[in-house]
Amino acid sequence: METEHPTPAEIVASIYHLLTRILLLLPIKSLTRFKSVSKEWLSLISDPAFCQIRNPNPNPAIGLFFPSDEPHRWLSLPFRANKSIPPPFRSSEFTRDSLGFRIIQSCNGLLLCITSPRYHKNPKYCVYNPTTNCFSELPKPNERIVFLNAVCWMSLAFDPAMSCHYNVVCLSILSAGVNSGNKEFQIRLYSSETGSWQLCGEPFEAPLNFDNGVYWNRAVHWLGSGKGDSFYFNIDTQVLDKMPKRPGRQGWNNRTDYYFGESCGHLHLTEMTGPSIGFNVYEMRRDYSEWFIVHKVNLSSVVYSNPEMVVGRAYEFGLCNLVFSVLAIISGEREEDSFLVIQLPGKAIRYNLVSKTCENLPVVEDTDMIERCLRYPGIHQGFQYIESLSCV
């Protein structure tokens with residue numbers, strides 16, 4: 001009986017399948033280098049389907065980006081000494097003919113950025129992958145809308161576990177609004193799948209600026225100030241709704257500092273209120289029913305090891321007398337791997353939320369520059385770096 005030999009097409013298919021399985025086992029940083037091996041490898045590694053399978057889920061951040069005094073330069077702070085972070089926009093066409101660029105938001109491996117234009121031109125927005133150093137410039141949502149922070153806010157919505165495509169939410173100011181203190185807004189939604197913008201709903205009034213948006217649970221979230229309302233916009237239903245009130249201690253209306261961000265599918269909030277050496281880390285339930293406490297943080301050991309963070313006499317210190325700021329809350333694959341990134345005068349530390357231990361984070365850039373960037377207060381200055389092969 002004659003043995004059936006595979007056809008050339010079957011051989012090629014089996015080799016391709018085997019190559020795919022091997023490449024899926026490699027680190028993301030190695031895959032970005034292997035794109036230059038051949039056109040076939042470039043095509044395979046750049047395939048959105050391959051990228052979606054290879055991107056880990058969950059995928060914790062491995063570092064932060066910070067602005068520097070130089071407009072074209074951003075600094076990186078890795079969470080591990082053996083993990084290096086590439087600087088964003090290395091030799092990119094997007095920043096050419098501009099005075100620099102600013103990161104607006106980090107979302108699951110992608111960055112939403114804006115240029116500082118020369119000669120009073122309108123700024124440009126783009127979605128950028130710092131791992132692959134690829135970007136895609138966003139078209140204007142409407143010819144009548146001028147891209148200036150004074151009249152519009154942009155927020156990125158991207159979940160690589162659900163889709164290889166992303167959305168951008170644009171809120172533009174139409175007028176000062178009818179009610180005192182409110183502005184009238186219009187929402188537009190961009191889809192990378194269609195490459196176009198669409199109008200979402202009717203204009204509405206709100207008492208806040210829609211900056212520092214945070215993506216979570218298929219929605220972009222904006223935190224109101226003080227006791228004001230907070231909102232979220234669901235990408236699928238295209239409906240704007242209110243979030244539960246911010247938690248806080250009774251009798252303390254002046255919030256001295258806070259952190260609001262997402263990590264590995266968890267929406268976190270910290271608020272430092274009143275004279276206390278500790279604070280709570282809150283998490284939002286997925287049905288938006290409430291903020292609940294997930295961690296209680298006591299900084300006594302941190303203060304003892306870092307007396308430079310105390311302002312005034314040590315025996316009187318509370319949060320109002322401590323120089324520090326929460327830069328990030330990172331959820332690990334296991335609960336015991338979750339930690340805070342806290343900035344102190346001249347350095348940053350990693351504080352484990354379960355073991356209550358801390359360690360200094362490695363400084364890989366110029367020390368003086370890092371010290372200038374990690375000053376108190378540092379709200380919304382650090383942007384998570386998450387390794388990703390996602391296409392833009």
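Owing to the predicted nature of the structure, the values given are computational and were not obtained by experimental measurement. This chain uses plain numbering: 1 for the first residue, then up along the sequence.
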According to a 4.5 Å side-chain heavy-atom criterion applied to Ile, Leu, Val, Met, Phe, Trp and Tyr, with indirect links allowed, do [X] and [Y] form part of one hydrophobic cluster?
| X | Y | answer |
| --- | --- | --- |
| Leu42 | Phe34 | no |
| Val302 | Val354 | no |
| Leu199 | Ile173 | no |
| Tyr232 | Val239 | no |
| Tyr125 | Phe158 | yes |

Step by step, would you call Val168 with Leu138 a side-chain contact (heavy atoms from CB on, under 4.5 Å)? CA-CA 9 Å; Val168 179; Leu138 296 177; 4.0 Å; yes

Let me see the working for Leu389 and Phe50 under side-chain contact (heavy atoms from CB on, under 4.5 Å), right down to the final yes or no. CA-CA 9 Å; Leu389 289 174; Phe50 177 89; 4.1 Å; yes

So, using side-chain hydrogen bond (donor to acceptor under 3.5 Å, both in side chains) as the criterion, who are the partners of Tyr215 when residues are at least two apart? Arg218

How long is the span from the [atom1] atom in [X] to the [atom2] atom in [Y], to the nearest 0.5 Å?
| X | Y | atom1 | atom2 | answer |
| --- | --- | --- | --- | --- |
| Phe339 | Glu359 | CZ | CD | 9.0 Å |
| Arg350 | Asn360 | CZ | CG | 12.5 Å |
| Leu111 | Ile103 | CG | CD1 | 5.0 Å |
| Met243 | Ser289 | CE | OG | 11.5 Å |
| His295 | Leu353 | NE2 | CG | 4.5 Å |
| Cys358 | Leu340 | SG | CG | 10.5 Å |

Tell me whether [X] contacts the main-chain N or O of [Y] through its side chain, where contact means a donor paired with an acceptor under 3.5 Å.
| X | Y | result |
| --- | --- | --- |
| Thr270 | Tyr259 | yes |
| Asn217 | Arg286 | yes |
| His221 | Ala219 | yes |
| Ser305 | Ser301 | yes |
| Ser106 | Phe383 | no |
| Arg246 | Gly224 | yes |
| Asn59 | Glu387 | yes |
| Gln384 | Pro60 | no |
| Asn129 | Ser390 | yes |
| Tyr166 | Val392 | yes |

Should [X] and [Y] count as side-chain neighbours, where that means a heavy-atom distance under 4.5 Å?
| X | Y | value |
| --- | --- | --- |
| Arg188 | Gln186 | yes |
| Leu171 | Phe204 | yes |
| Phe324 | Leu299 | yes |
| Leu361 | Arg80 | no |
| Ile342 | Leu327 | no |
| Val341 | Val326 | no |
| Ile104 | Asp211 | no |
| Ile62 | Ile386 | no |

Compile the donor-acceptor pairs under 3.5 Å between side chains in residues 262-269 and protein atoms, sequence neighbours left out, one pair per line.
{"unit_1": "Glu262", "atom_1": "OE2", "unit_2": "Cys264", "atom_2": "N", "d": "3.3"}
{"unit_1": "Glu262", "atom_1": "OE2", "unit_2": "Gly265", "atom_2": "N", "d": "2.7"}
{"unit_1": "Ser263", "atom_1": "OG", "unit_2": "Ser331", "atom_2": "N", "d": "2.9"}
{"unit_1": "His266", "atom_1": "ND1", "unit_2": "Glu283", "atom_2": "OE1", "d": "3.4"}
{"unit_1": "His266", "atom_1": "ND1", "unit_2": "Glu283", "atom_2": "OE2", "d": "2.8"}

Of all heavy-atom pairs between [X] and [Y], which one has the smallest distance, and what is that distance?
| X | Y | value |
| --- | --- | --- |
| Gly332 | Asp337 | CA-CB, 3.8 Å |
| Asn234 | Asp236 | OD1-N, 2.8 Å |
| Asn352 | Glu336 | ND2-O, 2.9 Å |
| Trp291 | Pro244 | NE1-O, 3.7 Å |
| Pro139 | Gly195 | CG-O, 4.3 Å |
| Ser388 | Thr132 | O-CG2, 3.9 Å |

Taking salt bridge (charged side-chain N to carboxylate O under 4.0 Å, His left out) as the definition, give me every residue that meets it alongside Glu335, ordered by chain and number, with sequence neighbours left out. none

Could you point out which residue of Phe233, Trp153, Phe185 forms a ring-ring contact (aromatic ring centres under 6.0 Å, His included) with Phe210? Phe185

Centroid-to-centroid, Tyr385 to Phe65, below 6.0 Å? yes

Taking it one step at a time, do Asn212 and Leu223 satisfy side-chain contact (heavy atoms from CB on, under 4.5 Å)? CA-CA 8 Å; Asn212 302 314; Leu223 200 64; over 6 Å; no

Would you call the rings of Trp197 and Tyr190 parallel, tilted or perpendicular, taking 30° and 60° as the class edges? tilted

Apply the side-chain contact (heavy atoms from CB on, under 4.5 Å) test between Cys200 and each candidate in Leu240, Val169, Leu189; give the one that qualifies. Leu189

Checking side-chain contact (heavy atoms from CB on, under 4.5 Å) for the pair Phe231/Asp241: CA distance, chi angles, key distance, verdict? CA-CA 6 Å; Phe231 294 86; Asp241 210 341; over 6 Å; no

